[in-house]
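Structure first, then comments.
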Amino acid sequence: MAQKPSIPKGTRDFGPSVMIRRNYIFRIIREVFESFGYQPLETPAMESLDTLLGKYGEEGDRLIFKILNSGDFAGKSGWTELGNEITDTMQLSKKLSGRITGKALRYDLTVPFARYVVQNRNNLTLPFKRYQIQPVWRADRPQRGRYREFYQCDVDVIGSNSLLNETELVQLINQVFKQLNIRVIIKLNNRKILAGLAGMIGRQEQLTELTVAIDKLDKIGMDEVTKELIDRGFSNSDVAQLMPVITSRESFQGKIKLLKELFHNTPVGQEGIQEMETLMKLLDSMEISSSLEFDLSLARGLNYYTGAIIEVQSRDIEIGSICGGGRYDNLTGIFGLPGVSGVGVSFGADRIYDVLNQLHAFPEDTQSLTQVLFLNFGEDEVIYSLPLAEQMRRAGFKTEIYPDPVKIKKQMQYAHHNQIPVVVMYGEEERLQKQITIKQMSSGEQATIVLHNLKDQITQWIE
RNA sequence: GUGGGUGUAGUUCAGUUGGUUAGAACGCUGGAUUGUGGUUCCAGAGGUCGUCGGUUCGAAUCCGAUCUCCCACCCCA
């Protein structure tokens, strides 16, 4: 029974000092989201399994955390009956899982959002702008920078086709990272341009294979991507046509010109070019301090994107994307509400944390919380400290009283370990002389002063 | 899902060709100091050596299985 407690693989506890820093990130993100008029939304940790299945591809389905039903599911599911007629265990498992689980933990925030929109379609005024900051779960095998439980910070606007939304999101991304002091590259592309490329070589139906392969360009390089494309059934001439385009180092205008020539017979591609040009034109009219890049190899894995795609990388720390998203034309369609287009991005709080940590870019004062500690000199003595502590709180100091009348040494250690800058002593000696002793921990300096000077002295020492 | 590594005190790790009582540092508790933290000194607590089995007179050490965590791939934030 003396077994060591532990938490499940890929999950984490966040101690106080980490939480203070995480809250700093969430606070900035939330404030920026709200400044653009996005409204808060939360959805349950668990969704019906049907809501989630089939939305993330075959690979995604496997990574969904399922929740076991309560009750005697073995008996109800007719275990023996099933077992007798099916000998293939994989098939048996599949059949059984349909009966023993009907709920699952959410895999991302976009699908629950789509579900919410469809469910409340009669009460929502479109366009609907919402943000959502909640954990999501994936039954993946964890490794560095990848967890089974992690937070996503999503902003989406649904029910508007305007490219102004994309523009605004870029502006919002820029604002978040500006406030966090992270220098970023915002990469842009358009799914329709990728579809145009697939169309150009006559392989529209293999768009997904194409995008999965070229998305790895900056990770594994040109040769490996070529190899992968061949493996996925593309011909040498396909690759010969594609590679020069997606690796093009031309300027924005250069790339547009190149694509226009290539896409004279592919309407989807032309549409993509037009959207890209409009977006760039709109962005030109704003002050975006981050560098923008038109990256033709940017594809993003999720295959529900249909228009613009966005991905953000840190300029200083190699950690993959710290924010990403795009436009999806028909996400609510699978829930029976077609024709509602949405666009959104998601910030990866955990990776942003790592970037700030490695850059030492967290603000200093996020560390200590309590500013003033009243020592406890005994059950009777401490009563006289109570109103003083309350006065200090009203004066704006985070104040606590040590709860137990233990040795002063121990109480001082508590102040030291919690980095509390000021300790106040109001024991019998002080009280009889109508004075109070106050100590600044950083310098060790200590002063005995008259009561009404307490506030001023603390102010002076904390600043 | 595929492949590689790891496991000894709260934490980070030593532990010789298998040998008697498994160590260190840091941390923790108490004391030197009954109203004073950080530095110092003294003392103390803390271990089913991941688990189960095997080889052996004898296993932290060798073998097998199993679990765990870490790393890479697939995929993703």
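Chain A is the first sequence line, chain B the second, and so forth, proteins listed ahead of strands; every chain is numbered from 1. Bear in mind the structure is a predicted one, so any value in this text is a computation, not a measurement.
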- Task: Could you list the residues that satisfy side chain to side chain contact (heavy atoms under 4.5 Å, CB included) with Gln152(A), not counting sequence neighbours?
- Result: Asp108(A), Leu109(A), Val136(A), Arg138(A), Phe150(A), Asp154(A), Ser346(A)
- Message: Are Thr399(A) and Val424(A) packed together at the side-chain level, in the sense that at least one heavy-atom pair is separated by less than 4.5 angstrom?
- Response: no
- Query: CD1 of Ile214(A) versus P of C75(B): gap in Å, rounded?
  - Reply: 14 Å
- Task: Map Glu429(A) and Phe150(A) onto RNA chain B by nearest heavy atom, then report which one ends up closer to the 5' terminus.
- Result: Glu429(A)
- Item | Integer angstrom distance from the C1' of G53(B) to that of C67(B) | 14 Å
- Task: Compare the minimum distances between each of U36(B), C71(B), C76(B) and the side chain of Arg351(A), then state the nucleotide with the smallest one.
- Result: C76(B)
- For Tyr414(A), what residues pass the ring-ring contact (aromatic ring centres under 6.0 Å, His included) criterion, not counting sequence neighbours? Tyr402(A)
- Base, sugar-phosphate alone, or nothing: which one does Tyr147(A) contact when heavy atoms must sit under 4.0 Å apart? base
- Task: Return the set of residues passing ring-ring contact (aromatic ring centres under 6.0 Å, His included) with Phe26(A) (not counting sequence neighbours), or none when no residue passes.
- Result: Tyr151(A)
- Item | Whole-Å gap separating P (G37(B)) and CG (Leu373(A)) | 14 Å
- Query: Between U20(B) and C49(B), how far is it from one P atom to the other, in whole Å?
  - Reply: 15 Å
- Message: Nearest whole Å is fine: how far is U36(B) C1' from Phe374(A) CZ?
- Response: 17 Å
- Query: For Phe377(A), which contact category applies under a 4.0 Å heavy-atom criterion: base, sugar-phosphate, or nothing?
  - Reply: base
- Has Met46(A) got more than 12 heavy atoms of other residues, nucleotides or ligands less than 6.0 Å from its CE? no
- Message: Go through it in stages, so that I can follow the logic: the residues are Phe14(A) and Tyr353(A), the test is ring-ring contact (aromatic ring centres under 6.0 Å, His included), and I'd like the CA-CA distance, side-chain angles, deciding distance and then a yes or no.
- Response: CA-CA 12 Å; Phe14(A) 302 114; Tyr353(A) 182 95; 8.1 Å; no
- Just to confirm, is there a sub-4.0 Å distance from OP1 or OP2 of G31(B) to any side-chain nitrogen or oxygen of Lys407(A)? yes
- Item | Set of ring-ring contact (aromatic ring centres under 6.0 Å, His included) partners for Tyr147(A), sequence neighbours left out | none
- Decide yes or no for Arg21(A) and Leu356(A): does some side-chain heavy atom of the first lie under 4.5 Å from some side-chain heavy atom of the second? no
- Query: What's the CE-P distance between Met412(A) and U36(B), to the nearest Å?
  - Reply: 9 Å
- Ile309(A) CD1 to A77(B) P, in whole Å, measures 12 Å
- Task: Using the P atom on both, measure U34(B) against G50(B) and round to a whole Å.
- Result: 44 Å
- Message: Nearest to the side chain of Lys409(A), heavy atoms from C-beta on, is which of G35(B), G37(B), A77(B)?
- Response: G37(B)
- For RNA chain B, what dot-bracket results from Watson-Crick or G-U pairs at under 3.5 Å, with [ ] for crossers and | for inter-strand partners? (((((.(..((((.....[...)))).(((((.......))))).....(((((..]....)))))).)))))....
- Taking only residues two or more places apart in sequence, or in another chain, which ones meet Arg183(A) in a salt bridge (Lys or Arg N to Asp or Glu O under 4.0 Å)? Asp316(A)
- Expressed in angstrom and rounded to an integer, what is the separation of Asp140(A) atom CG from C69(B) atom P? 14 Å
- For the side chain of Arg141(A), counting heavy atoms from C-beta on, which of U36(B), G3(B), G38(B) is nearest? G3(B)
- Query: Reckon His417(A) has a side-chain N or O less than 4.0 Å from the OP1 or OP2 of C28(B)?
  - Reply: yes
- Item | Of residues 434-451 of chain A, the positions that come close to RNA chain B - non-hydrogen atoms, cut-off under 4.0 Å | Lys439(A), Met441(A), Ser442(A), Gly444(A), Gln446(A)
- Message: Among Lys103(A), Arg106(A), Arg115(A), exactly one meets salt bridge (charged side-chain N to carboxylate O under 4.0 Å, His left out) together with Glu47(A). Which residue is that?
- Response: Arg115(A)
- Set of ring-ring contact (aromatic ring centres under 6.0 Å, His included) partners for Phe234(A), sequence neighbours left out: none
- Query: Within this structure, what is the CE-to-C1' distance between Met425(A) and G37(B), rounded to whole angstrom?
  - Reply: 10 Å
- Task: Measure from OH on Tyr402(A) to C1' on U36(B) and round the result to the nearest Å.
- Result: 14 Å
- Any donor-acceptor pair under 3.5 Å joining the side chain of Gln419(A) to the base of G38(B)? no
- Message: Using the C1' atom as the point on both nucleotides, what is the distance between A60(B) and G47(B), in whole Å?
- Response: 11 Å
- Distance between the C1' atoms of C63(B) and U56(B), in whole angstroms? 12 Å
- Please measure how far the P atom in U29(B) lies from the corresponding atom in G23(B), and state the result in whole Å. 24 Å
- Message: Side chain of Lys410(A) only, heavy atoms from C-beta on: which candidate in G35(B), U29(B), G37(B) is closest?
- Response: U29(B)
- Item | Contacts of Pro16(A) that satisfy side chain to side chain contact (heavy atoms under 4.5 Å, CB included) - sequence neighbours left out | none
- With respect to the side chain of Ile408(A), which nucleotide from G38(B), U36(B), A77(B) is positioned closest? U36(B)
- Message: If I pick the C1' atom on G19(B) and the same atom on C28(B), what distance separates them, to the nearest angstrom?
- Response: 34 Å
- Query: Tell me the ring pair (Phe, Tyr, Trp, His ring centres under 6.0 Å) pairs involving residues 442-463 of chain A, sequence neighbours left out?
  - Reply: none
- Query: Nearest to the side chain of Glu430(A) - G1(B), A77(B), G35(B)?
  - Reply: G35(B)
- Task: Using the P atoms only, state how far C62(B) lies from U17(B), rounded to an integer number of Å.
- Result: 11 Å
- Message: If the condition is side chain to side chain contact (heavy atoms under 4.5 Å, CB included), which residues does Ala395(A) pass it with, not counting sequence neighbours?
- Response: Phe397(A), Lys455(A)
- Which is true for Ser346(A) with a 4.0 Å heavy-atom rule: it touches a base, it touches only sugar-phosphate, or it touches nothing? nothing
- Message: Contact list please: residues 170-182 of chain A against RNA chain B, heavy atoms, distance less than 4.0 Å, in numerical order.
- Response: none
